[in-house]
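Count residues from 1 along the sequence.
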Amino acid sequence: MATETENGSHASHTSHAALHARHRAVLPDWLATYYARPIELTHGEGRHVWDAEGNRYLDFFGGILTTMTAHALPEVTAAVTEQAGRILHTSTLYLSRQAVDLAERVARLSGIPDARVFFTTSGTEANDTALLLATTYRRSNQVLALRNSYHGRSFSAIGITGNTSWSPTSLSPLQTLYVHGGVRTRGPYAHLSDAEFTAACVADLEDMLGQASGTVAALIAEPIQGVGGFTSGPDGLLAAFKRVLDRHGILWISDEVQTGWGRTGEHFWGWQAHAQAGPPDILTFAKGIGNGLSMGGVVARAEVMNCLTANSISTFGGSPITTAGALANLAYLIDHDLQGNARRVGGLLRSRLEAVSAGLDIVREVRGRGLMLGVELVEPGTDAPSATAASLVLEAAREHGLLIGKGGRDGNALRIAPPLSLTVAEADEGAEALEAALKQVQSTMEGGTAV
(Lines give C-alpha, C1' and ligand atoms only; values in the text may rest on other atoms or scores of the structure.)
Protein backbone atom coordinates (compact mmCIF):
# COMPACT_ATOMS: atom_id res chain seq x y z
CA MET A 1 0.00 0.00 0.00
CA ALA A 2 1.09 3.59 -0.62
CA THR A 3 1.92 5.50 2.57
CA GLU A 4 2.22 9.25 3.14
CA THR A 5 5.18 10.90 4.84
CA GLU A 6 4.93 12.44 8.29
CA ASN A 7 4.35 15.88 6.74
CA GLY A 8 0.80 14.86 5.92
CA SER A 9 -1.03 14.40 2.64
CA HIS A 10 -1.91 18.07 1.99
CA ALA A 11 1.61 19.38 2.53
CA SER A 12 3.24 16.58 0.60
CA HIS A 13 1.06 17.12 -2.46
CA THR A 14 2.92 20.39 -3.15
CA SER A 15 6.07 18.56 -4.27
CA HIS A 16 4.47 16.81 -7.23
CA ALA A 17 2.20 19.74 -8.08
CA ALA A 18 5.03 22.26 -8.22
CA LEU A 19 7.19 20.01 -10.38
CA HIS A 20 4.25 19.26 -12.68
CA ALA A 21 3.65 22.99 -13.19
CA ARG A 22 7.29 23.46 -14.19
CA HIS A 23 7.08 20.37 -16.44
CA ARG A 24 4.07 21.79 -18.30
CA ALA A 25 5.74 25.17 -18.73
CA VAL A 26 8.88 23.89 -20.43
CA LEU A 27 8.26 20.41 -21.94
CA PRO A 28 6.05 19.57 -24.97
CA ASP A 29 2.27 19.33 -24.56
CA TRP A 30 2.36 15.93 -26.29
CA LEU A 31 4.75 14.46 -23.70
CA ALA A 32 2.19 12.37 -21.82
CA THR A 33 2.40 11.56 -18.11
CA TYR A 34 0.42 9.05 -16.10
CA TYR A 35 -2.17 10.05 -13.49
CA ALA A 36 -4.34 13.12 -12.99
CA ARG A 37 -1.69 14.19 -10.47
CA PRO A 38 1.61 12.95 -11.99
CA ILE A 39 4.22 11.61 -9.58
CA GLU A 40 8.01 11.83 -9.41
CA LEU A 41 9.80 8.57 -8.65
CA THR A 42 12.98 9.21 -6.67
CA HIS A 43 14.43 5.81 -5.79
CA GLY A 44 13.80 2.09 -5.93
CA GLU A 45 14.89 -1.24 -4.53
CA GLY A 46 14.04 -4.67 -5.84
CA ARG A 47 10.50 -4.53 -7.20
CA HIS A 48 9.48 -1.39 -5.29
CA VAL A 49 9.85 2.35 -5.93
CA TRP A 50 9.22 5.48 -3.87
CA ASP A 51 7.97 8.88 -4.96
CA ALA A 52 9.04 12.34 -3.83
CA GLU A 53 6.25 12.40 -1.27
CA GLY A 54 7.40 9.23 0.44
CA ASN A 55 4.81 6.85 -1.04
CA ARG A 56 5.99 3.29 -1.69
CA TYR A 57 4.71 1.33 -4.69
CA LEU A 58 5.02 -2.18 -6.06
CA ASP A 59 6.30 -1.62 -9.60
CA PHE A 60 4.47 -3.71 -12.20
CA PHE A 61 5.63 -1.64 -15.20
CA GLY A 62 9.39 -1.24 -14.70
CA GLY A 63 9.83 2.02 -16.56
CA ILE A 64 8.00 0.59 -19.60
CA LEU A 65 9.47 -2.94 -19.38
CA THR A 66 12.98 -1.56 -18.88
CA THR A 67 13.86 -2.42 -15.27
CA MET A 68 14.29 -6.07 -16.22
CA THR A 69 16.02 -7.58 -13.20
CA ALA A 70 15.45 -5.25 -10.23
CA HIS A 71 15.72 -1.65 -9.11
CA ALA A 72 19.14 -0.75 -7.68
CA LEU A 73 20.53 -4.19 -8.48
CA PRO A 74 23.88 -4.24 -6.61
CA GLU A 75 25.72 -6.06 -9.40
CA VAL A 76 24.71 -3.46 -12.00
CA THR A 77 25.35 -0.54 -9.65
CA ALA A 78 28.82 -1.85 -8.87
CA ALA A 79 29.69 -2.37 -12.55
CA VAL A 80 28.51 1.13 -13.50
CA THR A 81 30.28 2.73 -10.54
CA GLU A 82 33.55 0.96 -11.27
CA GLN A 83 33.42 1.89 -14.96
CA ALA A 84 32.47 5.50 -14.18
CA GLY A 85 35.62 5.77 -12.11
CA ARG A 86 37.72 4.86 -15.15
CA ILE A 87 36.19 6.39 -18.28
CA LEU A 88 32.61 7.23 -19.26
CA HIS A 89 32.88 7.64 -23.00
CA THR A 90 35.03 6.84 -26.01
CA SER A 91 32.75 6.23 -29.11
CA THR A 92 32.92 3.43 -31.69
CA LEU A 93 36.06 4.98 -33.21
CA TYR A 94 38.02 3.14 -30.51
CA LEU A 95 38.06 -0.49 -29.44
CA SER A 96 35.92 -1.31 -26.41
CA ARG A 97 36.49 -4.53 -24.50
CA GLN A 98 33.06 -4.31 -22.82
CA ALA A 99 31.29 -3.77 -26.14
CA VAL A 100 33.04 -6.76 -27.74
CA ASP A 101 32.31 -8.95 -24.72
CA LEU A 102 28.62 -8.00 -24.79
CA ALA A 103 28.35 -8.34 -28.58
CA GLU A 104 29.84 -11.84 -28.45
CA ARG A 105 27.35 -12.88 -25.80
CA VAL A 106 24.34 -11.33 -27.55
CA ALA A 107 25.36 -12.87 -30.88
CA ARG A 108 25.49 -16.34 -29.32
CA LEU A 109 22.15 -15.87 -27.58
CA SER A 110 20.39 -14.48 -30.66
CA GLY A 111 20.24 -17.77 -32.55
CA ILE A 112 21.20 -15.97 -35.77
CA PRO A 113 24.08 -17.69 -37.59
CA ASP A 114 27.22 -15.67 -38.38
CA ALA A 115 25.73 -12.79 -36.42
CA ARG A 116 27.01 -9.24 -36.22
CA VAL A 117 25.87 -6.82 -33.49
CA PHE A 118 25.51 -3.04 -33.61
CA PHE A 119 24.69 -1.14 -30.41
CA THR A 120 22.32 1.83 -30.28
CA THR A 121 20.91 4.03 -27.53
CA SER A 122 17.24 2.99 -27.80
CA GLY A 123 14.73 0.63 -29.35
CA THR A 124 13.61 3.33 -31.75
CA GLU A 125 17.17 3.75 -33.00
CA ALA A 126 17.58 -0.02 -33.22
CA ASN A 127 14.50 -0.30 -35.44
CA ASP A 128 15.71 2.65 -37.53
CA THR A 129 18.97 0.80 -38.09
CA ALA A 130 17.16 -2.43 -38.99
CA LEU A 131 15.10 -0.55 -41.58
CA LEU A 132 18.26 1.05 -42.99
CA LEU A 133 19.88 -2.37 -43.32
CA ALA A 134 16.86 -4.07 -44.87
CA THR A 135 16.06 -1.33 -47.37
CA THR A 136 19.71 -1.02 -48.38
CA TYR A 137 20.21 -4.78 -48.69
CA ARG A 138 17.03 -5.21 -50.72
CA ARG A 139 17.28 -1.85 -52.55
CA SER A 140 13.64 -1.07 -51.78
CA ASN A 141 11.71 1.18 -49.41
CA GLN A 142 8.66 -1.09 -49.30
CA VAL A 143 8.13 -2.62 -45.86
CA LEU A 144 5.51 -4.97 -44.42
CA ALA A 145 4.26 -4.36 -40.88
CA LEU A 146 1.44 -5.68 -38.72
CA ARG A 147 -1.70 -3.77 -37.98
CA ASN A 148 -1.76 -2.36 -34.42
CA SER A 149 2.05 -2.36 -34.33
CA TYR A 150 4.40 0.12 -32.64
CA HIS A 151 8.11 0.37 -33.37
CA GLY A 152 9.23 3.74 -31.99
CA ARG A 153 8.78 7.49 -32.11
CA SER A 154 11.22 8.54 -34.86
CA PHE A 155 10.09 9.65 -38.33
CA SER A 156 10.90 6.32 -39.98
CA ALA A 157 9.61 4.20 -37.07
CA ILE A 158 6.29 6.06 -37.08
CA GLY A 159 6.09 5.18 -40.77
CA ILE A 160 5.78 1.48 -39.85
CA THR A 161 3.54 1.96 -36.82
CA GLY A 162 0.09 0.49 -37.40
CA ASN A 163 -1.32 1.74 -34.09
CA THR A 164 -2.85 5.01 -35.30
CA SER A 165 -3.03 6.54 -31.82
CA TRP A 166 0.80 6.62 -31.86
CA SER A 167 1.20 7.87 -35.43
CA PRO A 168 1.10 11.70 -35.56
CA THR A 169 1.92 12.00 -39.28
CA SER A 170 1.13 10.12 -42.48
CA LEU A 171 4.38 11.29 -44.07
CA SER A 172 7.11 8.67 -44.31
CA PRO A 173 10.25 7.76 -46.26
CA LEU A 174 8.83 4.23 -46.51
CA GLN A 175 5.93 2.66 -48.33
CA THR A 176 4.35 0.47 -45.67
CA LEU A 177 1.91 -2.36 -46.35
CA TYR A 178 -0.03 -3.53 -43.28
CA VAL A 179 -1.07 -7.15 -42.83
CA HIS A 180 -3.23 -9.00 -40.32
CA GLY A 181 -1.87 -11.11 -37.48
CA GLY A 182 -1.09 -8.91 -34.49
CA VAL A 183 -4.48 -9.18 -32.76
CA ARG A 184 -6.00 -12.62 -32.17
CA THR A 185 -9.37 -11.95 -30.54
CA ARG A 186 -10.66 -8.93 -32.45
CA GLY A 187 -11.10 -8.22 -36.15
CA PRO A 188 -12.38 -10.25 -39.12
CA TYR A 189 -10.49 -13.44 -38.21
CA ALA A 190 -11.24 -13.52 -34.48
CA HIS A 191 -13.86 -16.27 -34.80
CA LEU A 192 -11.47 -18.69 -36.52
CA SER A 193 -9.46 -21.48 -34.90
CA ASP A 194 -5.73 -20.89 -34.49
CA ALA A 195 -4.94 -22.93 -37.61
CA GLU A 196 -7.62 -21.14 -39.62
CA PHE A 197 -6.47 -17.77 -38.28
CA THR A 198 -2.90 -18.48 -39.39
CA ALA A 199 -4.05 -19.63 -42.82
CA ALA A 200 -6.18 -16.52 -43.27
CA CYS A 201 -3.29 -14.23 -42.27
CA VAL A 202 -0.93 -16.02 -44.66
CA ALA A 203 -3.49 -15.64 -47.44
CA ASP A 204 -3.72 -11.93 -46.61
CA LEU A 205 0.07 -11.65 -46.77
CA GLU A 206 0.18 -13.43 -50.12
CA ASP A 207 -2.56 -11.15 -51.44
CA MET A 208 -0.70 -8.05 -50.21
CA LEU A 209 2.51 -9.19 -51.92
CA GLY A 210 0.54 -9.69 -55.12
CA GLN A 211 -0.44 -6.02 -54.98
CA ALA A 212 3.04 -4.69 -54.16
CA SER A 213 4.45 -2.45 -56.90
CA GLY A 214 7.97 -3.84 -56.63
CA THR A 215 10.49 -5.55 -54.37
CA VAL A 216 9.52 -5.66 -50.69
CA ALA A 217 12.44 -5.20 -48.31
CA ALA A 218 11.26 -6.74 -45.05
CA LEU A 219 8.47 -7.67 -42.67
CA ILE A 220 8.93 -6.14 -39.22
CA ALA A 221 6.87 -7.65 -36.41
CA GLU A 222 6.73 -7.70 -32.62
CA PRO A 223 6.19 -11.31 -31.43
CA ILE A 224 3.91 -9.77 -28.80
CA GLN A 225 2.74 -6.24 -29.53
CA GLY A 226 3.78 -3.99 -26.65
CA VAL A 227 2.12 -0.59 -26.96
CA GLY A 228 -0.64 -2.44 -28.83
CA GLY A 229 -1.77 -3.96 -25.54
CA PHE A 230 0.25 -7.20 -25.30
CA THR A 231 -1.62 -8.82 -28.18
CA SER A 232 -0.25 -11.51 -30.49
CA GLY A 233 -1.20 -14.06 -33.10
CA PRO A 234 -1.01 -17.82 -32.49
CA ASP A 235 2.35 -19.51 -31.99
CA GLY A 236 3.80 -20.41 -35.38
CA LEU A 237 2.17 -17.52 -37.26
CA LEU A 238 5.44 -15.68 -37.91
CA ALA A 239 7.04 -18.97 -39.00
CA ALA A 240 4.25 -19.37 -41.55
CA PHE A 241 4.89 -15.80 -42.67
CA LYS A 242 8.63 -16.50 -42.97
CA ARG A 243 8.04 -19.40 -45.34
CA VAL A 244 6.29 -16.97 -47.67
CA LEU A 245 8.93 -14.29 -47.16
CA ASP A 246 11.75 -16.72 -47.95
CA ARG A 247 10.19 -17.55 -51.33
CA HIS A 248 10.37 -13.86 -52.22
CA GLY A 249 13.75 -13.14 -50.59
CA ILE A 250 12.09 -10.76 -48.12
CA LEU A 251 13.83 -10.25 -44.76
CA TRP A 252 12.15 -10.88 -41.40
CA ILE A 253 12.89 -8.33 -38.66
CA SER A 254 11.86 -9.45 -35.17
CA ASP A 255 11.30 -6.45 -32.90
CA GLU A 256 12.31 -7.86 -29.51
CA VAL A 257 12.49 -4.52 -27.71
CA GLN A 258 9.80 -5.63 -25.24
CA THR A 259 9.76 -9.43 -25.66
CA GLY A 260 13.47 -10.17 -25.37
CA TRP A 261 15.68 -11.54 -22.58
CA GLY A 262 13.24 -14.15 -21.22
CA ARG A 263 10.31 -11.88 -20.34
CA THR A 264 7.82 -14.25 -21.95
CA GLY A 265 9.03 -17.07 -19.69
CA GLU A 266 8.71 -19.87 -22.20
CA HIS A 267 11.40 -18.48 -24.51
CA PHE A 268 14.43 -16.22 -24.34
CA TRP A 269 13.24 -14.38 -27.47
CA GLY A 270 9.70 -13.89 -28.65
CA TRP A 271 10.57 -15.23 -32.11
CA GLN A 272 11.25 -18.65 -30.59
CA ALA A 273 7.50 -19.24 -30.29
CA HIS A 274 7.65 -19.29 -34.11
CA ALA A 275 10.91 -21.17 -34.42
CA GLN A 276 9.71 -23.75 -36.97
CA ALA A 277 11.09 -21.58 -39.78
CA GLY A 278 14.34 -20.71 -38.02
CA PRO A 279 15.62 -17.40 -36.64
CA PRO A 280 14.87 -13.97 -38.09
CA ASP A 281 17.27 -12.27 -40.47
CA ILE A 282 17.44 -9.22 -38.20
CA LEU A 283 16.64 -8.92 -34.48
CA THR A 284 16.31 -5.65 -32.58
CA PHE A 285 16.57 -5.26 -28.80
CA ALA A 286 16.66 -2.55 -26.13
CA LYS A 287 14.94 -1.72 -22.83
CA GLY A 288 15.61 -4.60 -20.42
CA ILE A 289 19.20 -5.34 -21.38
CA GLY A 290 20.36 -2.06 -19.81
CA ASN A 291 18.04 -2.30 -16.76
CA GLY A 292 17.48 1.45 -17.12
CA LEU A 293 20.68 2.40 -18.94
CA SER A 294 20.22 3.77 -22.46
CA MET A 295 21.00 0.63 -24.44
CA GLY A 296 19.65 -0.99 -27.61
CA GLY A 297 20.97 -2.85 -30.58
CA VAL A 298 20.59 -4.82 -33.78
CA VAL A 299 21.69 -8.38 -34.55
CA ALA A 300 21.81 -9.48 -38.19
CA ARG A 301 23.41 -12.01 -40.47
CA ALA A 302 26.83 -10.75 -41.53
CA GLU A 303 25.89 -10.27 -45.18
CA VAL A 304 22.95 -8.09 -44.14
CA MET A 305 24.77 -6.12 -41.45
CA ASN A 306 27.75 -5.50 -43.74
CA CYS A 307 25.71 -4.23 -46.70
CA LEU A 308 26.25 -0.55 -45.85
CA THR A 309 28.93 1.05 -48.00
CA ALA A 310 28.88 4.63 -46.66
CA ASN A 311 30.65 5.73 -43.48
CA SER A 312 28.74 5.03 -40.28
CA ILE A 313 29.68 5.16 -36.60
CA SER A 314 27.91 5.73 -33.30
CA THR A 315 28.89 8.41 -30.81
CA PHE A 316 26.96 6.94 -27.88
CA GLY A 317 25.97 3.41 -28.95
CA GLY A 318 27.74 0.73 -26.89
CA SER A 319 29.43 3.21 -24.58
CA PRO A 320 31.77 1.83 -21.90
CA ILE A 321 29.34 2.55 -19.09
CA THR A 322 26.20 1.15 -20.72
CA THR A 323 27.90 -2.01 -21.91
CA ALA A 324 29.49 -2.57 -18.48
CA GLY A 325 26.07 -2.28 -16.84
CA ALA A 326 24.40 -4.44 -19.50
CA LEU A 327 27.01 -7.19 -19.09
CA ALA A 328 26.41 -7.31 -15.33
CA ASN A 329 22.66 -7.24 -15.83
CA LEU A 330 22.67 -10.03 -18.41
CA ALA A 331 24.95 -12.17 -16.27
CA TYR A 332 22.62 -11.77 -13.29
CA LEU A 333 19.57 -12.62 -15.41
CA ILE A 334 21.11 -15.84 -16.71
CA ASP A 335 22.87 -16.92 -13.51
CA HIS A 336 19.62 -16.54 -11.52
CA ASP A 337 17.39 -18.11 -14.24
CA LEU A 338 15.04 -15.13 -14.33
CA GLN A 339 13.49 -16.54 -17.50
CA GLY A 340 12.40 -19.55 -15.47
CA ASN A 341 11.15 -17.26 -12.73
CA ALA A 342 9.14 -15.29 -15.29
CA ARG A 343 7.56 -18.53 -16.47
CA ARG A 344 6.72 -19.80 -12.99
CA VAL A 345 5.66 -16.59 -11.24
CA GLY A 346 4.11 -15.21 -14.42
CA GLY A 347 1.97 -18.32 -14.74
CA LEU A 348 0.78 -17.96 -11.16
CA LEU A 349 0.06 -14.26 -11.66
CA ARG A 350 -1.92 -14.89 -14.84
CA SER A 351 -3.99 -17.58 -13.12
CA ARG A 352 -4.69 -15.22 -10.26
CA LEU A 353 -5.72 -12.41 -12.62
CA GLU A 354 -7.97 -14.76 -14.59
CA ALA A 355 -9.67 -15.80 -11.37
CA VAL A 356 -10.06 -12.18 -10.28
CA SER A 357 -11.48 -11.16 -13.65
CA ALA A 358 -13.94 -14.00 -14.04
CA GLY A 359 -16.68 -12.19 -12.16
CA LEU A 360 -16.00 -8.68 -13.49
CA ASP A 361 -17.99 -7.30 -16.42
CA ILE A 362 -15.36 -4.68 -17.29
CA VAL A 363 -12.72 -7.34 -18.08
CA ARG A 364 -12.92 -8.82 -21.57
CA GLU A 365 -9.69 -10.80 -21.62
CA VAL A 366 -6.49 -11.63 -19.72
CA ARG A 367 -3.68 -12.43 -22.16
CA GLY A 368 0.07 -12.63 -22.57
CA ARG A 369 2.74 -14.95 -21.26
CA GLY A 370 5.43 -14.93 -18.61
CA LEU A 371 5.69 -11.52 -16.97
CA MET A 372 4.17 -9.74 -19.97
CA LEU A 373 0.45 -9.79 -19.22
CA GLY A 374 -2.40 -7.71 -20.58
CA VAL A 375 -5.92 -7.14 -19.24
CA GLU A 376 -8.37 -5.75 -21.80
CA LEU A 377 -11.18 -3.61 -20.39
CA VAL A 378 -14.61 -2.85 -21.83
CA GLU A 379 -17.74 -0.93 -20.93
CA PRO A 380 -19.53 -3.04 -18.28
CA GLY A 381 -21.57 -5.83 -19.84
CA THR A 382 -20.52 -5.02 -23.43
CA ASP A 383 -17.71 -5.77 -25.86
CA ALA A 384 -16.99 -2.07 -26.45
CA PRO A 385 -13.39 -1.05 -25.61
CA SER A 386 -13.23 1.34 -22.65
CA ALA A 387 -10.29 3.71 -22.39
CA THR A 388 -12.11 5.29 -19.48
CA ALA A 389 -12.02 2.04 -17.52
CA ALA A 390 -8.29 1.64 -18.15
CA SER A 391 -7.54 5.19 -17.01
CA LEU A 392 -9.63 4.76 -13.88
CA VAL A 393 -7.99 1.42 -13.01
CA LEU A 394 -4.55 2.97 -13.54
CA GLU A 395 -5.43 5.66 -10.98
CA ALA A 396 -7.09 3.25 -8.55
CA ALA A 397 -4.15 0.82 -8.70
CA ARG A 398 -1.79 3.65 -7.73
CA GLU A 399 -4.02 4.45 -4.79
CA HIS A 400 -3.60 0.82 -3.73
CA GLY A 401 0.18 1.04 -4.05
CA LEU A 402 0.58 -0.57 -7.47
CA LEU A 403 2.07 0.94 -10.65
CA ILE A 404 0.91 -0.55 -13.96
CA GLY A 405 0.83 0.61 -17.60
CA LYS A 406 -1.82 0.85 -20.27
CA GLY A 407 -1.99 0.64 -24.04
CA GLY A 408 -3.91 -0.91 -26.91
CA ARG A 409 -5.27 0.70 -30.05
CA ASP A 410 -8.22 2.02 -28.07
CA GLY A 411 -6.21 2.70 -24.90
CA ASN A 412 -8.23 0.08 -23.04
CA ALA A 413 -5.59 -2.53 -22.11
CA LEU A 414 -3.70 -2.71 -18.82
CA ARG A 415 -0.03 -3.64 -19.27
CA ILE A 416 1.57 -5.67 -16.48
CA ALA A 417 5.33 -6.22 -16.74
CA PRO A 418 7.20 -6.26 -13.40
CA PRO A 419 10.93 -6.98 -13.05
CA LEU A 420 11.69 -10.62 -13.79
CA SER A 421 12.84 -11.24 -10.21
CA LEU A 422 9.27 -10.83 -8.93
CA THR A 423 8.50 -13.13 -5.98
CA VAL A 424 5.37 -15.19 -5.46
CA ALA A 425 4.46 -13.02 -2.46
CA GLU A 426 4.82 -9.85 -4.55
CA ALA A 427 2.73 -11.37 -7.35
CA ASP A 428 -0.01 -12.07 -4.81
CA GLU A 429 0.31 -8.55 -3.42
CA GLY A 430 0.00 -7.02 -6.88
CA ALA A 431 -2.93 -9.22 -7.86
CA GLU A 432 -4.73 -8.24 -4.66
CA ALA A 433 -4.18 -4.54 -5.35
CA LEU A 434 -5.33 -4.88 -8.95
CA GLU A 435 -8.39 -6.83 -7.88
CA ALA A 436 -9.35 -4.00 -5.50
CA ALA A 437 -8.80 -1.43 -8.25
CA LEU A 438 -10.87 -3.35 -10.82
CA LYS A 439 -13.74 -3.87 -8.41
CA GLN A 440 -13.64 -0.21 -7.40
CA VAL A 441 -13.80 0.95 -11.03
CA GLN A 442 -16.54 -1.50 -12.01
CA SER A 443 -18.64 -0.27 -9.11
CA THR A 444 -17.95 3.33 -10.14
CA MET A 445 -18.84 2.78 -13.80
CA GLU A 446 -22.02 0.83 -13.01
CA GLY A 447 -23.07 3.53 -10.56
CA GLY A 448 -22.09 6.37 -12.84
CA THR A 449 -19.99 8.16 -10.22
CA ALA A 450 -16.40 9.35 -10.42
CA VAL A 451 -13.50 7.67 -8.65
J.: Run the side-chain contact (heavy atoms from CB on, under 4.5 Å) test on R116 and V299 for me, step by step, so that the C-alpha distance in whole Å, both residues' side-chain angles and the decisive distance to 0.1 Å come before the verdict.
T.: CA-CA 6 Å; R116 298 292 188 273; V299 189; over 6 Å; no

J.: Does the pair R186/D383 count as a salt bridge with the N-to-O cut at 4.0 Å?
T.: yes

J.: Side chains of T284 and N127 only: does a donor on one sit below 3.5 Å from an acceptor on the other?
T.: yes

J.: Nearest 0.5 angstrom please: L131 CG to I282 CD1, how far?
T.: 8.5 Å

J.: Using the rule given for side-chain contact (heavy atoms from CB on, under 4.5 Å), can you reason through L373 versus L353, listing the C-alpha separation, both sets of side-chain angles and the distance that settles it, and then say yes or no?
T.: CA-CA 9 Å; L373 301 174; L353 294 179; 4.2 Å; yes

J.: How close do A217 and S140 get, counting heavy atoms only, and between which atoms?
T.: CB-O, 3.6 Å

J.: Might you work through the side-chain contact (heavy atoms from CB on, under 4.5 Å) test for I334 and D337, ending with a clear yes or no?
T.: CA-CA 5 Å; I334 292 173; D337 188 23; over 6 Å; no

J.: Any side-chain donor-acceptor pair under 3.5 Å between Q258 and E222?
T.: no

J.: Is the side chain of R138 donor-acceptor paired with the backbone N or O of V216 at a distance under 3.5 Å, no angle test?
T.: yes

J.: Nearest 0.5 Å please: distance from the OG atom of S149 over to the CD1 atom of I160.
T.: 7.0 Å

J.: Just to verify, what does F268 make a ring pair (Phe, Tyr, Trp, His ring centres under 6.0 Å) with, not counting sequence neighbours?
T.: W261

J.: Of all residues at least two apart in sequence or in a different chain, which pass the ring pair (Phe, Tyr, Trp, His ring centres under 6.0 Å) check with H180?
T.: Y189

J.: Closest heavy-atom contact between A427 and V345?
T.: CB-CG1, 3.8 Å

J.: Under 3.5 Å, is there a donor-acceptor pair linking the side chains of T185 and R364?
T.: yes

J.: For L58 versus R47, what's the shortest heavy-atom pair and its separation?
T.: CD1-O, 3.6 Å

J.: Do D59 and H71 pair up side chain to side chain, a donor and an acceptor below 3.5 Å, judged on atom types alone?
T.: yes

J.: Mind jotting down which residue pairs meet the ring pair (Phe, Tyr, Trp, His ring centres under 6.0 Å) criterion with at least one end in residues 320-378? Sequence neighbours excluded, please.
T.: Y332-H336

J.: To the nearest 0.5 Å, what is the distance between CG on L308 and CZ on F118?
T.: 9.0 Å

J.: As a quick check of understanding, evaluate side-chain contact (heavy atoms from CB on, under 4.5 Å) for V298 and V117, giving each step before the final call.
T.: CA-CA 6 Å; V298 183; V117 181; over 6 Å; no

J.: Please answer whether the main-chain N or O of L41 pairs with a side-chain N or O of D51 as donor and acceptor at a distance below 3.5 Å.
T.: no

J.: With a 6.0 Å cut-off (strictly less than), is the heavy-atom count around CG of L31, excluding the residue itself, greater than 12?
T.: yes

J.: Is E266 salt-bridged to R343, cutoff N-O under 4.0 Å?
T.: no

J.: Once ring pair (Phe, Tyr, Trp, His ring centres under 6.0 Å) is applied, do any residues pair with W252, and if so which ones, sequence neighbours excluded?
T.: none

J.: Check the side chains of N141 and Q175 for a donor-acceptor pair under 3.5 angstrom, ignoring hydrogens and angles.
T.: no

J.: Between F61 and I404, is any pair of side-chain heavy atoms under 4.5 Å apart?
T.: no

J.: At their closest point, which heavy atom of N341 faces which heavy atom of L420, and how far apart are they?
T.: ND2-O, 2.7 Å

J.: Keeping the roles fixed (side chain from T66, backbone from G63), state whether a donor-acceptor pair exists under 3.5 Å.
T.: yes

J.: Under 3.5 Å, is there a donor-acceptor pair between the side chain of T136 and the main chain of L132?
T.: yes

J.: Side chains of E426 and T423: donor-acceptor distance under 3.5 Å anywhere?
T.: yes

J.: Do you see a donor-acceptor pair shorter than 3.5 Å between the side chains of H400 and E432?
T.: no

J.: Going by atom types only, do S15 and E40 share a side-chain donor-acceptor pair under 3.5 Å?
T.: no

J.: When you check the side-chain N and O atoms of S165 and N163, is any donor under 3.5 Å from an acceptor?
T.: yes

J.: Considering all heavy atoms of both residues, which atom of I87 and which atom of P320 are nearest to each other, and what is their separation?
T.: O-CB, 4.0 Å

J.: L293 and side-chain contact (heavy atoms from CB on, under 4.5 Å): which single residue from T322, N329, I321 fits?
T.: T322

J.: Can you name the closest pair of heavy atoms from L237 and H274 and give their distance?
T.: N-ND1, 3.2 Å

J.: Side chains of D128 and S154 only: does a donor on one sit below 3.5 Å from an acceptor on the other?
T.: yes

J.: Is it true that R56 and E45 have a side-chain N and a carboxylate O under 4.0 angstrom from each other?
T.: no

J.: Could you check whether atom CZ of R97 has more than 12 heavy atoms from other residues, nucleotides or ligands sitting under 6.0 Å from it?
T.: no

J.: Can you confirm whether more than 12 heavy atoms, excluding those of R415, are under 6.0 Å from its CZ atom?
T.: yes

J.: Can you name the side chain to side chain contact (heavy atoms under 4.5 Å, CB included) partners of T81, sequence neighbours left out?
T.: T77

J.: Would you compute the distance between atom OG of S319 and atom CG of L88 and round it to the nearest 0.5 angstrom?
T.: 8.0 Å

J.: Under a 3.5 Å threshold, yes or no: a donor from one side chain and an acceptor from the other, between T67 and N291?
T.: no

J.: Walk me through whether R263 and E256 qualify under salt bridge (Lys or Arg N to Asp or Glu O under 4.0 Å).
T.: CA-CA 10 Å; R263 177 162 290 282; E256 301 275 357; over 6 Å; no

J.: Checking H89 now: which residues fulfil ring pair (Phe, Tyr, Trp, His ring centres under 6.0 Å) with it, not counting sequence neighbours?
T.: F316

J.: In the structure I gave you, are the side-chain heavy atoms of S421 and L338 within less than 4.5 Å of one another anywhere?
T.: yes

